[in-house]
Amino acid sequence: MASPSSSSIEIAPSIEIAHLSFSYPQYGRRQHTHIFSDASLSVESGDIHVMLGLPGSGKSSLARVLIRAVPRYSGGEFSGSIKIDGVDISIKMPYEIMDILGYAAQDPDEQIIMTTVEDEIAFPLESLGLEREEIGRRVAKVMEQFALQPMAQASPAELSGGEKKRLLLAVNEAIGPEVIVLDEALEELDEQFRRQLIAGYKDQGRTVLVLASKVDEELIRQADSFSYLSGGKIREGSAEEVLGWYREYQQIETVDFSKERKTYLELNDVSFSYGKRFSLQIDRLSIDTASVTALVGPNGSGKTTLCSILCGLLPLDSGEIQISADDVSFGGRSETKSPFDAARKPAAARKSGAARKPDVKGTSADVLRRSVGYLFQNPDYQIFSSTVDEELGYGLKRAGIRGQDYDDALALAKDRFDLKDGTLPPTLLSYGERKRLQAASYYLLPRGLYIFDEIDSGLSFREICSMLQIFADTGAGIVLVTHHLSFAQRIAQTVITMENGRAASVQRGQG
Amino acid sequence: MIGSAYRDTGSLLHAFDPRVKLLIVLGWSVLLFLPMPQPQFRLPLYSVTVFLLTAGFLGIRDAWTPIRSILPLLILVLLLTPPFYRDGTPVLLIGERVIVTSGGIEETVRLISRFTGITMLFFLFFRTTSLQHVILTLRSYGLSYRIALVITLALRYIPYIAQLFKTVRSAHALRDPMTEPEEVRKGWGLRRKGLELFPVLMSVIIASVKTIPNLAAGLEFRGFGREEQRTSYRRLPRDIRTLRDGLIGLIVLSGIYSPIILHMKLF
């Protein structure tokens, strides 16, 4: 009996979403909007499928719908069907699909449960009822594959953002599902690792749905199919078509500084260590105002630690940080008539009519804290208040700004950062909107230097560039922590590469 | 929820059998509430011993961690207990008014010693025992897997909230103005501290509550709820080490209980 030719075999798609509609429950004044409206998608078995979408377009919601966390834990109206490898999962529980569908969340802290890296990998394998020896074999294999052995017994809380993402990917690899959903999970991984990971998935014939808000050229080259998520609909197309729909949001624009560039921070023989696991040593480094400095380097190389030191959150073991406050006039534009500028000046300076200068001397943590703004990677750790207006007003009130100046500052910040409704609770904002709110709050705090930790997580390049330009207009310096080397080189004047807690190289960028 | 008290520093206590560790912790905790001769001296001695053990095994910085977290409460106990406890002989008088009595001092010492001792003991246990081993230990004492996991996660919530509090407080501190105008500084002080603490606590509460559905979804997606018989990657040792650690545990418990047992026989 002749076997059928491959062309005559009809292969069922690995991921088949049909007529998906979903809306979250309506809260307060937030309008009832459809996150998905009759959305459909078909991904062939073994394909690397890239779905692009702007921040807030519903990518994370789609991922949560796929793993059945939504609407189970969120509520809301759901209709349509989702099939994974021919199995209708829309009637399944999350624990019933864990072995057919893998998932890595945009925020890894949401998924990590156990207290050691090794136990985190073993936990789902125990749930699957695998023999101890088999668990041990898989754990050892993926720890080697994902370079996690040195931190096998470390608490996940000690890992950097990129290391946590590697851990989630390792867990997926250990379970071995045929289909994997990566929600911005490649964002904080270094480029070489990303390339190897996708190549590995292709070799294994895995079906991977990559949800991304930015185009990674290498990923586009490696991917097999593409779609674009917008307005609750999924549009499938070729790479060229999808990139065409998306292109305008991907443009990297230059950030222009009208003020003179000056040295703001100088680090001399700075050292810091987390016990025996990691140490940071910076012999000499200076960071300027009116310029973009990019910090790049692999996961765990010390980028976030250096930033925490720069803003006084971590104490130095030894060395010193000098802050050059003289002649720095960022934000203190007394010659301008903008009400926003007036509001940005502390009350004391406004009363005296003096151009504002940071009232800082020495290198204490308190001085650094008040001079360097640090925007955490996760905006939710820096958003506290019950409404957008209250959030923005927190720093203004602490600076003694009241009345019309206060109202004008709020209005202008909302306008510049596209925050339309100031009465909304921040919890109802999308991830991208919360990032903008976080940035707007810091914009209202005059600082000589603003650090953006992984700003590219959840924002398009166009949004990042326009956001940075707003900060650049104040004359302050900008430090960007990013894994996108090409983006860093395009936008920054200085690119610092971190390796093993050292500033391995300091190069000129194209910015 | 990634925060936890556990840190792998490879100390001897990390390798110690967790079943014996838990027994010592519970035994030592009960001891702090038993009647004993001269409790005003013995209770602090027991707590100081736990502190010294923690410092010896984990280092002075780690030993200080739990003390720092309960320090505000200890200060409150120190300030509020003596004036409200009137037994014993007067120790401090202002005019004819008795401010502090010997009974007040003893009660303060008792409360601080118990609170510090228990905090240090459980910190020592969770600092040196991974979540998997805690679950296995609870299961070895007869609890079902689900109950053991729920208890363990609930206990992890405390260090998680403490870590969250630290993060949120840092985030708040980063939003201090460069220069605080006089009108903002004026009239603050203790009130200012209170006002500053309120939004931090609110943020921590909101973030903690938001963690619950994420944790539930995370657990379910890791297979919590499946019908298969769950296996275990980790195993508690069942060899000569168990016997050795059990013997050490017995010696420790006998050592700390012997004065009480002797006291009971004498009276």
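Just so you know, these numbers come straight off a predicted model, no measurement behind them. Below, read A as the first sequence line, B as the second, and so on, with proteins coming before strands; counting in each chain starts at 1.
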Tell me, for [X] versus chain B, whether the close heavy atoms (under 4.5 Å) come from the side chain, the backbone, both or neither.
X: A/I67; value: both
X: A/E96; value: backbone
X: A/L159; value: neither
X: A/F376; value: side chain
X: A/V372; value: backbone

Just how far is it from atom OG of A/S127 to atom CD of B/E227, taken to the nearest 0.5 Å?
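Output value for this atom pair is 13.5 Å.
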
Out of the candidates A/E126, A/E118, A/E120, only one should pair with B/Q132 under the side-chain contact (heavy atoms from CB on, under 4.5 Å) rule; please name it.
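It is A/E126, the one option of A/E126, A/E118, A/E120 that forms the side-chain contact (heavy atoms from CB on, under 4.5 Å) with B/Q132.
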
Is there a donor-acceptor pair under 3.5 Å between the side chain of A/R369 and the backbone N or O of B/A173?
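Confirmed, A/R369 side chain pairs with B/A173 backbone.
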
Can you list every side-chain hydrogen bond (donor to acceptor under 3.5 Å, both in side chains) pair that touches residues 216-225 of chain B, not counting sequence neighbours?
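Those involving residues 216-225 of chain B are A/R72-B/E220, A/Y73-B/E220.
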
Check whether B/I212 gets within reach of chain A through its side chain, its backbone, both or neither, counting any heavy atom under 4.5 Å.
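Neither the backbone nor the side chain of B/I212 comes within 4.5 Å of chain A.
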
Do A/D119 and B/L131 have side-chain heavy atoms sitting under 4.5 Å apart?
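Answer no - side chains too far apart.
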
Among residues at least two apart in sequence or on other chains, which ones pass ring pair (Phe, Tyr, Trp, His ring centres under 6.0 Å) with A/F123?
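Once residues adjacent in sequence are excluded, A/F123 has no partner under the ring pair (Phe, Tyr, Trp, His ring centres under 6.0 Å) criterion.
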
